[in-house]
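In what follows, every chain begins at residue 1, and chains take the letters A, B, ... in the order their sequences are listed.
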Number of protein chains: 2
Amino acid sequence: MATPDRPGFALPLLLLAGFRTLIDDLHAELARQGHPELRPLHGFVLQAVGTAGTTASDLGHRLGVSKQAAGKTVDRLVALGYLERTDDPRDARRKLVRTTPRGLDGLRRSAVIFDDLRDRWCATLGADRVAALEDDLRRVTAADVFRLDVPGWFGT
Amino acid sequence: MATPDRPGFALPLLLLAGFRTLIDDLHAELARQGHPELRPLHGFVLQAVGTAGTTASDLGHRLGVSKQAAGKTVDRLVALGYLERTDDPRDARRKLVRTTPRGLDGLRRSAVIFDDLRDRWCATLGADRVAALEDDLRRVTAADVFRLDVPGWFGT
DNA sequence: ATACGATAGTCAATGTGGTTGACCAAACCG
DNA sequence: CGGTTTGGTCAACCACATTGACTATCGTAT
C-alpha cells in the first residue's frame, strides 16, 4: 500500500486569545525592517526548513500538509528570495530546499521583534489570567470564548 | 472619517499543540452524525451568530474579518441550511442573519462531542505538561515549537 | 427640507493556502 | 529484471481572505 501524502501529525501551534494581534504587530514591524513580503505562514516554513535544509515532501510532513501544498509554498518563498532549491547529488528525484541569507535575516529579525513584543504582551495579560490557564484548558467551552447564548460549542 | 471594515479585534482562539487534531476528530464525528458539510470555521460563525441573530457587518467585527468575507461565509451557511437571512423591518439596509433549527442541531451535537473529546484529550496531555503552561506562555520560542537550529523565531 | 456623511450590503478582481487526482522519473528490492 | 515506493510536478478546484467600487438607506446638522 502506498504511503499517503498526509501524515497523522498536525502543525504544532500555541495560540492564546489575543496572540494573533501580537503576530500581526510582529509582521508590521518586520515589514518596516525590510521584509514586507513575509507572511505569517512563512515563518513556520522557514523555521521548518532550518539551516540544514530539507525536501518538499519532508516539509509537508513537518507542517502537516500535502507535499503539493508544501511545494507551492516553497515556490513562493523561492520567488521572494527566502529559499532556494538545489539538486541532491545522491538522489536525482530529490530537490533540496535551503534557507538563503535573506531568509536567515528574516528569521533573526523576527526573533528580536518577537522577544520584545512577547514581553510587552505578557505584561498586559495580567498575572491572574495567566494563573487561570490550567483551568481554562480543562474547562474551555463556547462561553469562555464568545460568551454568547448557545452552550458548549467550541468553534474550531 | 468613515469607519474601516476591520476592527482592532482578532478572532479569539485557544489552541495548543495537538488541539487541531482534536478539532479534526470532532468534525469527523460530526460528519457521522449528519453534519458532513460543517467545516471548522463554521463553528465560530454559528457561535458568533448565536440565537439572537446579527448582521453581516457585525459578524465581521466579531470575527475580526471584513464585512465582505463575513457576507460570503454567511452565503455558504445559508446555502447549507445552517443560517437564514431576513429583512430588518426597522432598517431597510440591514439583513438579519439567524441560526436555523439545523444550525442549532449542529451546535448542540458539537457541544456533546467536544466535551467528550476534550476530556479524553486532557487525560492524555499529562498533568505536568498542563502545569507548565504558565512558563511556556512566558518563554515560548521557536525552540519550544520546532526544536530546530535557527534560534528565536515563532512562526505565526 | 435637504444635503452630507456614516452605515449595510453587494459585486468584482485578486491572492493565499489548501485539497485530490494523475503522471513521470528515479530509486529500491524481491 | 520487474514491480512497488518515493519525490516532484501539473491541473483543477475549493475555502477564506483582501481591497476597491458601487448602491441604497439612515441620521443629523444646517
Side-chain angles (χ1 to χ4, degrees), chain A residues 1-7 10-11 13 20 23-24 27 36-45 48 53-80 82-83 85-97 155-156, chain B residues 1-7 10-11 13 20 23-24 27 36-45 48 53-80 82-83 85-97 155-156:
Chain A
M1 177 179 67
T3 303
D5 288 340
R6 298 199 58 192
L11 181 65
L13 298 179
R20 208 169 92 176
I23 295 306
D24 288 345
H27 283 89
E37 319 273 27
L38 222 42
R39 300 182 50 74
L41 175 71
H42 299 160
F44 279 121
V45 176
T54 180
T55 66
S57 281
D58 180 56
L59 195 55
H61 275 79
R62 292 193 195 187
L63 297 176
V65 300
S66 65
K67 62 181 181 180
Q68 295 95 326
K72 281 204 283 188
T73 302
V74 170
D75 286 344
R76 280 182 214 113
L77 285 170
V78 167
L80 294 173
Y82 289 93
L83 293 178
R85 265 193 255 248
T86 59
D87 289 334
D88 186 335
R90 292 176 303 188
D91 187 336
R93 294 171 305 177
R94 310 176 98 216
K95 294 187 182 172
L96 296 178
V97 176
T156 80
Chain B
M1 179 179 67
T3 303
D5 288 340
R6 298 198 58 189
L11 182 66
L13 296 178
R20 208 169 94 176
I23 295 306
D24 287 346
H27 283 89
E37 319 272 26
L38 224 41
R39 300 182 50 74
L41 176 72
H42 299 161
F44 279 121
V45 176
T54 180
T55 66
S57 283
D58 180 56
L59 195 55
H61 275 79
R62 291 193 196 186
L63 298 175
V65 301
S66 64
K67 62 179 180 179
Q68 295 93 327
K72 281 205 283 187
T73 303
V74 170
D75 286 344
R76 276 181 221 112
L77 285 170
V78 167
L80 293 174
Y82 288 94
L83 294 178
R85 265 192 256 248
T86 59
D87 289 333
D88 186 336
R90 291 177 305 188
D91 187 337
R93 294 172 304 179
R94 310 174 99 218
K95 295 186 181 172
L96 296 178
V97 176
T156 83

Looking at [X], does any N or O in its side chain come under 4.0 Å of the phosphate oxygens OP1/OP2 on [N]?
| X | N | result |
| --- | --- | --- |
| A:H42 | C:dT16 | no |
| A:R39 | C:dG17 | yes |
| A:S66 | C:dT20 | no |
| B:T73 | D:dA15 | no |
| A:R76 | C:dG17 | yes |
| A:R85 | D:dT9 | yes |

Side chain to side chain contact (heavy atoms under 4.5 Å, CB included) evaluation trace for A:V97 with A:T55: CA-CA 5 Å; A:V97 176; A:T55 66; 5.8 Å; no

Expressed as a whole number of angstroms, how long is the span from [X]:[atom1] to [N]:[atom2]?
| X | N | atom1 | atom2 | result |
| --- | --- | --- | --- | --- |
| B:L80 | D:dC16 | CG | P | 10 Å |
| A:D87 | C:dA25 | CG | P | 16 Å |
| A:R62 | D:dG7 | CZ | P | 13 Å |
| A:L83 | D:dG8 | CG | P | 14 Å |
| B:H61 | C:dA6 | NE2 | C1' | 12 Å |
| B:D75 | D:dA15 | CG | P | 12 Å |
| A:F44 | C:dG18 | CZ | C1' | 16 Å |
| B:L63 | D:dA15 | CG | P | 18 Å |

Starting from the 5' end of DNA chain D, give me the residue, A:K72 or A:D58, whose nearest nucleotide shows up first.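 Result of the comparison: A:D58.
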
Restricting to nitrogen or oxygen on both sides, can you table the protein-nucleotides 27-29 of chain D pairs closer than 3.5 Å?
none

Looking only at heavy atoms, what is the nearest atom pair of B:A70 and B:A56, with distance?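 Here B:A70 and B:A56 meet closest at CB-O, 3.5 Å.
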
What closest approach, in Å, do B:F44 and B:L63 show between heavy atoms, and which atom pair accounts for it?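 So the two residues come closest at O-CD2, 4.1 Å.
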
Is any side-chain N or O of [X] under 3.5 Å from a base N or O of [N], one able to act as donor and the other as acceptor?
| X | N | result |
| --- | --- | --- |
| B:Q68 | D:dG20 | yes |
| A:K95 | D:dG7 | no |
| A:K67 | D:dG8 | yes |

Under 4.0 angstrom, heavy atoms only, what part of the nucleic acid is A:A69 near: base, sugar-phosphate, or nothing?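 Base contact - A:A69 has a heavy atom under 4.0 Å of at least one base atom.
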
Within the structure shown, what part of the strands sits under 4.0 Å from A:A92 by heavy-atom distance: base, sugar-phosphate, or nothing?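 Sugar-phosphate contact only - A:A92 comes under 4.0 Å of backbone atoms but never of a base.
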
Step by step, work out the side chain to side chain contact (heavy atoms under 4.5 Å, CB included) result for B:D87 and B:K95. CA-CA 5 Å; B:D87 289 333; B:K95 295 186 181 172; 4.1 Å; yes

Atom pairs under 3.5 Å: protein N/O with N/O of nucleotides 1-4 of chain C:
none

[atom2] on [Y] to [atom1] on [X], rounded to 0.5 Å:
| X | Y | atom1 | atom2 | answer |
| --- | --- | --- | --- | --- |
| A:E37 | A:H42 | CD | NE2 | 9.5 Å |
| B:L77 | B:R85 | CG | CZ | 10.0 Å |
| B:R94 | B:T54 | CZ | OG1 | 7.5 Å |
| A:T73 | A:L83 | OG1 | CG | 10.0 Å |
| A:Q68 | A:S57 | CD | OG | 8.5 Å |

